[in-house]
Engineer: 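Mind looking over this structure? Questions follow.
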Amino acid sequence: MAKKNVKFMLTAFRDGFQSVVGARVLSKDFLPCVEEAYAAGVRWFEAGGGARFQSCYFYCQEDAFDVMDKFRKAAPEADLQTLSRGVNVVGLESQSSDMIKLHAQMFKKHGMSSIRNFDALNDVNNLKWSGQCIHDAGLKHEVVVTMMGLPPGIDNQGTHTPEFYRDRLKMIMDAGIPFDRVCFKDASGTSTPATVYNTMKLARKLLGDKVHIQFHSHETAGNGVACYLAALRGGADGLDLSMAPMSGGTCQPDIITMWHCLDGDPDFGFDFDINKIKKAEDAFKNAMKKYFLPPEAMNVNPQIVWSPMPGGALTANTQMLRDNGMMDKYDDMIAEMYDCVRLGGFGTSVTPVSQFYAQQAIQNVMFGKFKKFAPGYAKMVLGYFGKTPVAPDPEIIKKAAAFMASSELTKPYSTVTTKTVLEMNDADPKKGGAVAKKMLEDAGLPVTDENVFIAASCKEKGILFLKDPSKAPMGCRFAEDAKPAAGKGGAVTVTIGGKAYGVEIKGDGKAVVNGKLVDFTAEAGLKAAPAAAAAPAGGQEVKAPVPGTVLRVTAANGAKVAKGDELLVMDVMKMETPVTAPCDGTVTVMVAATDKVATGDVLAVIG
């Protein structure tokens, strides 16, 4: 039998970034490396989508569509593939039918040629319309079955086995969803080689010999290469590979590592020039030296099998924990993942479900086990993101329903639903193109297809970017910023009245304060400053329950409010967290949108 040439997609510039630095990299730093890889013969790149779409607006002061256009120029003849989360497309929140269609059309318009499309619950209903839209837009549709290893000691109840994955693939085929390739995606890297091998065997038997099968995993648990070898021997045609320094650890195996594993193999090999690949990787390593590489991203964590946090979610969450001064909660959060998975219906730990697990885990750490619920996790166990592989724990369903019913804001999501996600979203007056268009009009922004999609998928943060990209957050973490600099004119932490402020002077009258770029002036000597506005005497203070960023203020200063009325919304770990009035009265708001706050900071006073 002739040696099989293994196809590969280079993930360094999408999942590599997401899995190592929380998707926070500037295009000017990596696009020359795309050109190097293209010159080395790479013709299949992961080029955007997933967390990289929102991160451009949330952390990089860049337009994701502009980045896609530039990527196409850097790799003119390559297959440029992006990642889509079924009905969620490129956000944590699911979308309406018109936005799912617009997603495919806009990505095609901006140079992409393929979309990998998955649903974290493996609910085929969430793949039907999204897959059809990808196909109709003239893109290749790589449909996905998501995989993970359930934590040790949990009865799988017939899920996450080779037979379960085969049956999910058969459901996709029986539903008539058009597709060009099939990918089996293990974002947490927790499947065993035996499961991978047997899954590939069953899939190949079902699909025949002509359909391309791709396998995706991570080295997070240390068995990525073993699973890749098992996938090839089971019948896979291609693998996802990355380049150092965005490889290994929480990311995909390195392309050079995999080449070395197959060097001399009688059955499998690559057809690239390894010296050209090495040159491209060297250039990439040099370009990425300026970025802070989190230590937790660079190491294997064998115990992640008890708490299957995907590589792409792990560093996104640790970056947010750092943003909010909560990195000391990381180990506890990871430990809490076990019960969040065990009791939540066995959805695959990949975005957005992995984020729901992480958000609930941090709620358990901060407030006690299932005392409070992350809205995403509660909505998931109640059916608002589709059907989970098994029914969630009855007590968790009961607690989640009671929690959601406790606020007028979440009461509409407080009962178990069996409706499809698109049925609910298309009937939701808060979703869709008309809502996004109104957001743009209210902000005085141009109504273009691109802007409509940005507003729908990024909401207030997208509007903030579109108004003035230079005033959007800059969340990239650079190696220089991580060095101790107190007393040397670099970044310092200033604590005033118990509140910590991270301050870095940038020069030219600008500084970064708690991650926000601000203008400042400085003069020699001391001048009397006007006193800050005082809170009303005798009022009831409304304090931040956790660290986060003020996303929007909904109550007007001086307005009459009733107990339970929404005052503002905080962004906590990508989770919208409403803050409500604890009593009736007149509100004085003490913060503004984009302000970073610590636990216990006074947000408002009710007088």
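What's counted below: heavy atoms across the whole structure, side chains too, no hydrogens, waters or symmetry copies.
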Engineer: For a quick test of your reading: what N or O donor-acceptor pairs under 3.5 Å do the side chains of residues 292-308 make, sequence neighbours left out?
Structural biologist:
| unit_1 | atom_1 | unit_2 | atom_2 | d |
| --- | --- | --- | --- | --- |
| E296 | OE1 | R322 | NH2 | 3.1 |
| E296 | OE2 | T318 | OG1 | 2.7 |
| E296 | OE2 | R322 | NH1 | 2.8 |
| E296 | OE2 | R322 | NH2 | 3.4 |
| N299 | ND2 | P295 | O | 2.8 |
| N301 | OD1 | Q303 | N | 3.2 |
| S307 | OG | I334 | O | 2.7 |

Engineer: Nearest 0.5 angstrom please: T159 OG1 to F346 CZ, how far?
Structural biologist: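 CZ of F346 is found 5.5 Å from OG1 of T159.
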
Engineer: I'd like to know if the side chain of D119 and the backbone of V124 have a donor-acceptor N/O pair within less than 3.5 Å.
Structural biologist: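 The answer is no, because no donor-acceptor pair under 3.5 Å joins these two groups.
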
Engineer: Would you check if D136 and Q105 make a side-chain contact, meaning some heavy-atom pair closer than 4.5 Å?
Structural biologist: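 No; the side chains remain at least 4.5 Å from each other.
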
Engineer: Using a 3.5 Å distance criterion without hydrogens, assess whether the side chain of N125 forms a donor-acceptor pair with backbone atoms of T420.
Structural biologist: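 Absent.
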
Engineer: How close do G386 and N126 get, counting heavy atoms only, and between which atoms?
Structural biologist: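 Looking at all heavy atoms of both residues, the shortest contact is CA-ND2, 4.2 Å.
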
Engineer: Looking at E46, Q252, M243, which hits side chain to side chain contact (heavy atoms under 4.5 Å, CB included) with L10?
Structural biologist: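 By the side chain to side chain contact (heavy atoms under 4.5 Å, CB included) criterion, L10 pairs with just one of E46, Q252, M243: M243.
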
Engineer: Assess whether side-chain contact (heavy atoms from CB on, under 4.5 Å) is satisfied between C340 and Q359, documenting all intermediate values.
Structural biologist: CA-CA 10 Å; C340 294; Q359 289 170 347; over 6 Å; no

Engineer: Hey, are R181 and Q81 close enough side-chain-wise for a donor-acceptor pair under 3.5 Å?
Structural biologist: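 On atom types as modelled, these side chains qualify, holding a pair under 3.5 Å.
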
Engineer: State which residue, out of D186, N223, T199, fulfils the side chain to side chain donor-acceptor pair (under 3.5 Å) condition with S191.
Structural biologist: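 Only one of D186, N223, T199 forms a side chain to side chain donor-acceptor pair (under 3.5 Å) with S191, namely D186.
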
Engineer: Is the shortest side-chain N to carboxylate O distance from K73 to D69 below 4.0 Å?
Structural biologist: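 Salt bridge between K73 and D69, a charged N being under 4.0 Å from a carboxylate O: no.
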
Engineer: Ignoring hydrogens, what is the shortest heavy-atom contact between T82 and A47? Give both atom names and the distance.
Structural biologist: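 Minimum heavy-atom separation between T82 and A47: CG2-C, 4.4 Å.
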
Engineer: Would you check if the side chain of R166 reaches a backbone N or O of A203 as a donor-acceptor pair within less than 3.5 Å?
Structural biologist: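 No; judged by distance alone, with no hydrogens or angles, the pair does not exist.
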
Engineer: Answer yes when K431 and D98 have at least one side-chain N-carboxylate O distance shorter than 4.0 Å, and no when they do not.
Structural biologist: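 No, no charged N to carboxylate O under 4.0 Å.
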
Engineer: Cation-pi check for F118 against K185: NZ or CZ below 6.0 Å from the six-membered ring centre and within 45 degrees of the axis, yes or no?
Structural biologist: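 Yes, K185 and F118 form such a contact.
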
Engineer: Measure from the ring center of H110 to the ring center of F65 and say whether it is less than 6.0 Å.
Structural biologist: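 That pair passes the under 6.0 Å test.
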
Engineer: Within this structure, what is the CE-OG1 distance for the pair M200 and T195, rounded to the nearest 0.5 Å?
Structural biologist: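 If we round to the nearest 0.5 Å, M200:CE and T195:OG1 are 10.0 Å apart.
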
Engineer: Which value, rounded to the nearest 0.5 Å, describes the distance between I277 atom CD1 and I256 atom CD1?
Structural biologist: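 The CD1 atom of I277 sits 7.5 Å away from the CD1 atom of I256.
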
Engineer: Any ion pair linking E93 and K459 (charged N to carboxylate O, less than 4.0 Å)?
Structural biologist: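 A salt bridge links K459 with E93.
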
Engineer: Let me see the working for D237 and K4 under salt bridge (Lys or Arg N to Asp or Glu O under 4.0 Å), right down to the final yes or no.
Structural biologist: CA-CA 8 Å; D237 300 294; K4 183 174 183 178; 2.9 Å; yes

Engineer: Quick check on the 6.0 Å ring-centre criterion: do W129 and H135 meet it?
Structural biologist: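 No, ring centres 6.0 Å or more apart.
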
Engineer: Students often mix this up, so state it plainly: with edges at 30° and 60°, are the rings of F107 and H103 parallel, tilted or perpendicular?
Structural biologist: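 Tilted: the ring planes of F107 and H103 meet at 30° to 60°.
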
Engineer: Between C251 and G16, which heavy-atom pair has the shortest distance, and what is it?
Structural biologist: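 Where C251 meets G16 most closely, the heavy atoms are SG-CA, 3.5 Å.
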
Engineer: Are M9 and V42 side-chain neighbours, meaning at least one heavy-atom pair lies under 4.5 Å?
Structural biologist: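 They are not in contact (no side-chain heavy atoms under 4.5 Å apart), so the answer is no.
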
Engineer: Does K461 count as lying over the ring of Y57, i.e. NZ or CZ under 6.0 Å from the six-ring centre, within 45 degrees of the axis?
Structural biologist: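 No; the conditions do not both hold, so K461 does not lie above the ring face of Y57.
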
Engineer: Would R116 and D15 pass as an ion pair if we require N to O under 4.0 Å?
Structural biologist: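 The answer is no: the pair does not qualify as a salt bridge.
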
Engineer: Using the ring pair (Phe, Tyr, Trp, His ring centres under 6.0 Å) definition, which of the options F45, F17, Y291 pairs with F30?
Structural biologist: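 Only one of F45, F17, Y291 forms a ring pair (Phe, Tyr, Trp, His ring centres under 6.0 Å) with F30, namely F17.
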
Engineer: Taking C-beta and beyond as the side chain, do K109 and E450 meet within less than 4.5 Å on heavy atoms?
Structural biologist: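 When only atoms from C-beta onward are counted, E450 and K109 do touch, with a gap below 4.5 Å.
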
Engineer: With a 4.5 Å heavy-atom cut-off, do E142 and I115 have their side chains touching?
Structural biologist: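 Sidechains of I115 and E142: no contact.
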
Engineer: Is there a donor-acceptor contact under 3.5 Å from the side chain of Q18 to the main chain of R52?
Structural biologist: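 Between the backbone of R52 and the side chain of Q18 there is no qualifying donor-acceptor contact (under 3.5 Å).
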
Engineer: Looking at side-chain heavy atoms only, is the closest gap between F8 and M258 below 4.5 Å?
Structural biologist: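 Not touching, per the 4.5 Å side-chain cut-off.
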
Engineer: Are any non-hydrogen side-chain atoms of T351 and R85 less than 4.5 angstrom apart?
Structural biologist: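 Heavy-atom side-chain distance check passes, below 4.5 Å.
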
Engineer: Rounded to the nearest 0.5 Å, how far apart are SG of C133 and CG of L139?
Structural biologist: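 The CG atom of L139 is 10.5 Å from SG of C133, to the nearest 0.5 Å.
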
Engineer: Can you confirm whether V225 sits close enough to E219 that some side-chain heavy atom of one is under 4.5 Å from a side-chain heavy atom of the other?
Structural biologist: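 Answer yes - side chains close enough.
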
Engineer: Crowded around D155 CG? As in, over 12 foreign heavy atoms under 6.0 Å?
Structural biologist: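 Check passes, neighbour count above 12.
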
Engineer: Checking S94 against N88 for the side chain to side chain donor-acceptor pair (under 3.5 Å) test, could you report, in this order, the C-alpha distance in whole Å, the side-chain angles of both residues, the deciding distance, and whether it holds?
Structural biologist: CA-CA 4 Å; S94 57; N88 289 59; 4.9 Å; no

Engineer: Determine the minimum heavy-atom distance between K276 and A40, stating which atoms define it.
Structural biologist: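 Result for this residue pair: O-CB, 3.5 Å.
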
Engineer: Walk me through it: do S97 and D426 pass the test side chain to side chain donor-acceptor pair (under 3.5 Å)?
Structural biologist: CA-CA 6 Å; S97 295; D426 287 344; 2.6 Å; yes

Engineer: Can you tell me if NZ on K379 sees more than 12 non-hydrogen neighbours from other groups inside 6.0 Å?
Structural biologist: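 Yes.
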
Engineer: Do side-chain atoms of T348 reach the backbone of V350 as a donor and acceptor pair under 3.5 angstrom?
Structural biologist: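 Not a single qualifying donor-acceptor pair exists.
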
Engineer: Would you indicate whether the side-chain heavy atoms of F453 and F53 approach each other to under 4.5 Å?
Structural biologist: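 Result yes, sub-4.5 Å side-chain heavy-atom pair found.
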
Engineer: For D174 and K170, run salt bridge (Lys or Arg N to Asp or Glu O under 4.0 Å): C-alpha distance rounded to whole Å, both residues' side-chain angles, the deciding distance at 0.1 Å, then the answer.
Structural biologist: CA-CA 6 Å; D174 290 346; K170 189 173 188 306; 3.0 Å; yes

Engineer: First locate atom CZ of R24, then atom OG of S55, and finally report the distance between them rounded to the nearest 0.5 Å.
Structural biologist: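 The distance works out to 8.5 Å.
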
Engineer: Are D265 and R233 ion-paired here, with the side-chain N under 4.0 Å from a carboxylate O?
Structural biologist: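 Counted as a salt bridge, because a side-chain N and a carboxylate O are separated by less than 4.0 Å.
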
Engineer: Do side-chain atoms of Q360 reach the backbone of Y357 as a donor and acceptor pair under 3.5 angstrom?
Structural biologist: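 Judged by distance alone, no pair lies under 3.5 Å.
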
Engineer: What I want to find out is whether E62 reaches K28 closely enough, with some N-O distance under 4.0 Å, to be called a salt bridge.
Structural biologist: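 Salt bridge: no.
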
Engineer: Between S247 and D254, does a side chain to side chain donor-acceptor pair (under 3.5 Å) hold up when you go through it step by step?
Structural biologist: CA-CA 5 Å; S247 63; D254 192 275; 2.7 Å; yes

Engineer: Any chance the rings of F184 and Y165 have centres within less than 6.0 Å?
Structural biologist: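 That pair fails the under 6.0 Å test.
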
Engineer: Taking atom CG of N156 and atom CG of L150, what is their separation to the nearest 0.5 Å?
Structural biologist: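 N156 atom CG to L150 atom CG measures 6.5 Å (nearest 0.5 Å).
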
Engineer: If you look at every heavy atom in D240 and H216, which pair is closest and at what distance?
Structural biologist: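 Minimum heavy-atom contact is OD2-ND1, 2.8 Å.
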
Engineer: Where is the tightest heavy-atom contact between G111 and L80, given as atom of each residue plus distance?
Structural biologist: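 Smallest heavy-atom distance, with atoms named: O-CD1, 4.0 Å.
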
Engineer: Salt bridge check: are K289 and D29 linked by an N-O gap of less than 4.0 Å?
Structural biologist: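 Looking at D29 together with K289, the answer is no, because their closest N to O distance does not fall below 4.0 Å.
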
Engineer: Counting only N and O atoms by type, is there a donor-acceptor contact under 3.5 Å from the side chain of Y38 to the main-chain atoms of E77?
Structural biologist: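 Indeed, once roles are kept as given, a pair shorter than 3.5 Å links the two residues.
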
Engineer: So, N5 side chain and D271 main chain: donor-acceptor pair closer than 3.5 Å or not?
Structural biologist: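 Yes; judged by distance alone, with no hydrogens or angles, the pair exists.
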
Engineer: Between R204 (side chain) and G235 (backbone), is there a donor-acceptor pair under 3.5 Å?
Structural biologist: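 Yes, the answer is positive, given that a donor and an acceptor are paired below the 3.5 Å cut-off.
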
